[in-house]
There are 2 protein chains.
Amino acid sequence: MEDQISRRRSGPDTRAAIQRVALELFTEKGYEATSLREIADELGIQKPSLYYHFKGKEDILRALFDERGDEAEQLLQWIGEQPQTPELVGAAVLRWVQSFSAEKLRGIRFLSANPLIGRTFEGRTNDRIGSTLNQLVDRLTGLLPDQSPSKVLQLRMALLSINAAVDAATQTTFTDDEVLAAANTVAIALIDALL
Amino acid sequence: MEDQISRRRSGPDTRAAIQRVALELFTEKGYEATSLREIADELGIQKPSLYYHFKGKEDILRALFDERGDEAEQLLQWIGEQPQTPELVGAAVLRWVQSFSAEKLRGIRFLSANPLIGRTFEGRTNDRIGSTLNQLVDRLTGLLPDQSPSKVLQLRMALLSINAAVDAATQTTFTDDEVLAAANTVAIALIDALL
DNA sequence: GTCTATACGGTGATAGAC
DNA sequence: GTCTATCACCGTATAGAC
């Protein structure tokens, strides 16, 4: 329960509110196209107030990335503990896809709207976005009976089926659950074709 | 064969050269993050010279869009001429996917790097990017035995398998042919799961 | 066609009062 | 913590000489 003391503007935790609004706008209009003034306006505060909570625009972005979970690391560890068979590929991909809840779709949508941000960011932050995906692919590739480029790329696509589903559903009225279900179905179909 | 008369700077057709460089940079760094100065520098000309060939930055973008082919319209027409059976769905999707050559992947990569550009542009130009895809989906949806949201979304994903393949292959060393082959394989797998 | 010079607005960012 | 005032800079865009 939150206390009821009078609060105007952004609320009890301004920092979290900034992140929330920033994620929204970055997803809607893109990181570059979103100005700090717009973020401040949306919160009903002045632009310089943002600088009390964050060092700058890029720092807001970094905070967004740092907030991210580390499902990929956990999955990597889990894979290591399993018997290393070709069947593990399908199991791991499904585990990955199903680790995304409706809540986590917001992160995917942000990344989908800003595909270049991750690359620019690489090295500067704990880059755990793309590089762990690559580790994941590498580990699973080793288990594939056929490791031809075509198959490896299909494996990547299977892992990215959530992203593909989100992309396919943009500007439509599909619900989050429908998106997740489609991603799951597609992942299964791709794994079947893979083995 | 091109003639050998001496040409400095941007070459015989500056307008085309500007478009070429712009497409490159927009794809690499994103439309918003690319400045006209960078485009001019790359061509070895001065920034205001661009304004002789284009009305402004957005006009360069528009020219890029207008250059695009109209495979979607052609496909729509072709669909109308065929017997309207469920099997037509798979045939149409494959036709669509296979209409993309290595050459056309550049356009896909640009759109992949700038996913929000199309939406912002909508209405202002001959928006033939996303809206014809929707028409395509609508037409094909009518042929599906099961028209549940999940199936419709899977149909969208099948049509977007080229985009998904391009996304999955970014920052890797896959060749264009491998990307196209993977898109084709994935499209087939998704159609199989669809019918 | 391409240049130099410049206008003008908006951006991220800082200083310092309250 | 949030504000007002202000900064330097860089963006797109224009005028006019060559």
Side-chain angles (χ1 to χ4, degrees), chain A residues 2-3 5-26 28-65 114 116-117 120-121 124-125, chain B residues 2-3 5-65 113-114 116-117 120-121 124-125:
Chain A
E2 290 188 321
D3 54 315
I5 51 169
S6 78
R7 64 178 69 113
R8 303 172 182 187
R9 307 262 156 90
S10 34
D13 191 346
T14 310
R15 191 182 159 91
I18 292 170
Q19 291 196 49
R20 200 196 68 236
V21 169
L23 183 63
E24 263 173 40
L25 291 177
F26 290 167
E28 246 175 65
K29 322 188 22 171
Y31 172 74
E32 308 274 358
T34 301
S35 71
L36 294 181
R37 188 187 50 76
E38 290 173 291
I39 297 176
D41 283 356
E42 188 78 18
L43 289 165
I45 63 177
Q46 292 301 315
K47 191 169 55 163
S49 300
L50 299 174
Y51 285 86
Y52 175 80
H53 301 278
F54 296 94
K55 274 181 287 190
K57 190 182 185 184
E58 192 174 311
D59 193 40
I60 301 180
L61 192 61
R62 179 171 2 253
L64 252 30
F65 274 106
N114 299 278
L116 300 169
I117 289 295
T120 318
F121 237 51
R124 279 195 278 172
T125 179
Chain B
E2 291 188 321
D3 55 313
I5 52 169
S6 77
R7 62 177 70 111
R8 303 174 183 182
R9 309 259 155 91
S10 35
D13 191 347
T14 311
R15 192 183 157 89
I18 291 170
Q19 292 196 48
R20 200 197 69 236
V21 169
L23 183 63
E24 263 173 40
L25 292 177
F26 290 168
T27 302
E28 248 175 63
K29 322 187 23 171
Y31 172 74
E32 309 274 0
T34 301
S35 72
L36 294 180
R37 189 187 51 75
E38 289 172 292
I39 297 176
D41 282 357
E42 188 80 16
L43 288 164
I45 63 176
Q46 292 300 313
K47 194 169 51 167
S49 302
L50 299 173
Y51 285 86
Y52 175 82
H53 302 277
F54 296 94
K55 274 182 287 190
K57 191 184 185 183
E58 192 174 311
D59 192 41
I60 301 180
L61 192 62
R62 177 168 6 251
L64 252 29
F65 275 107
N114 299 278
L116 301 169
I117 289 295
T120 317
F121 237 48
R124 280 194 279 172
T125 180

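The model shown is predicted, which means the values in this text are computed figures rather than measured ones. Letters A, B, ... are given to chains in the order of the sequence lines, protein chains preceding strands, and every chain is numbered from 1. All heavy atoms count here, side chains included; hydrogens, waters and symmetry mates do not.
Summarising the geometry, the separation between CD1 on B/Ile45 and C1' on C/dC3 is reported as 11 Å, rounded to the nearest angstrom. In this structure, CZ of A/Arg15 is placed 12 Å from P of D/dG1, rounded to the nearest angstrom. If you measure from atom CD of A/Glu58 to atom P of C/dA13, you get 8 Å, rounded to the nearest angstrom. Note: CG (B/Leu36) to C1' (D/dG11) measures 8 Å, nearest angstrom. Rounded to an integer number of Å, the gap from A/Gln46 CD to D/dG1 C1' is 13 Å. A straight line from CD of B/Glu32 to P of C/dG10 spans 15 Å, rounded to a whole angstrom. In this structure, B/Glu38 places its CD atom 14 Å from C1' of D/dT12, rounding to the nearest Å. Between A/Lys57 atom NZ and C/dT11 atom P the separation is 9 Å, expressed in whole Å.
Shown here for A/Tyr51 and A/Gly56, the closest heavy-atom pair between the two residues is CE2-CA, 3.9 Å.
Distances shown here put a side-chain N or O of A/Arg37 below 4.0 Å from the OP1 or OP2 atom of C/dT11. In this structure, A/Tyr52 does not reach the D/dT2 phosphate: none of its side-chain N or O atoms is under 4.0 Å from OP1 or OP2. For C/dG1, neither phosphate oxygen OP1 nor OP2 lies less than 4.0 angstrom from any side-chain nitrogen or oxygen of B/Thr14. At D/dC3, one or more side-chain N or O atoms of A/Ser49 fall inside 4.0 Å of OP1 or OP2 (strictly under the cut-off).
You'll find the side chain of B/Tyr31 reaches within 4.5 Å of the side chain of B/Lys57, heavy atoms only.
With hydrogens and angles left out, the side chain of A/Lys47 and the base of C/dG12 share a donor-acceptor pair within 3.5 Å.
The CD1 atom of B/Ile60 sits 10.0 Å away from atom NE2 of B/His53, with the distance rounded to the nearest 0.5 Å. With rounding to the nearest 0.5 Å, the separation of OG1 in A/Thr14 from CZ in A/Arg20 is 11.0 Å. Rounded to the nearest 0.5 angstrom, A/Glu38 CD and A/Phe26 CZ are separated by 10.0 Å. Atom-to-atom distance recorded for B/Asn114:CG and A/Leu116:CG is 6.5 Å, nearest 0.5 angstrom.
End-to-end axis angle of the helix from C/dG1-D/dC18 to C/dC18-D/dG1, from C1' rotation axes over five pairs per end: 10° (rounded to 10 degrees).
Considering only the side chain of B/Pro48, C/dC3 comes nearest among C/dG12, D/dC3, C/dC3.
When each of A/Ile39, A/Leu61, A/Asp13, A/Leu64 is checked for a side chain to side chain contact (heavy atoms under 4.5 Å, CB included) with A/Gln19, only A/Leu64 meets the rule.
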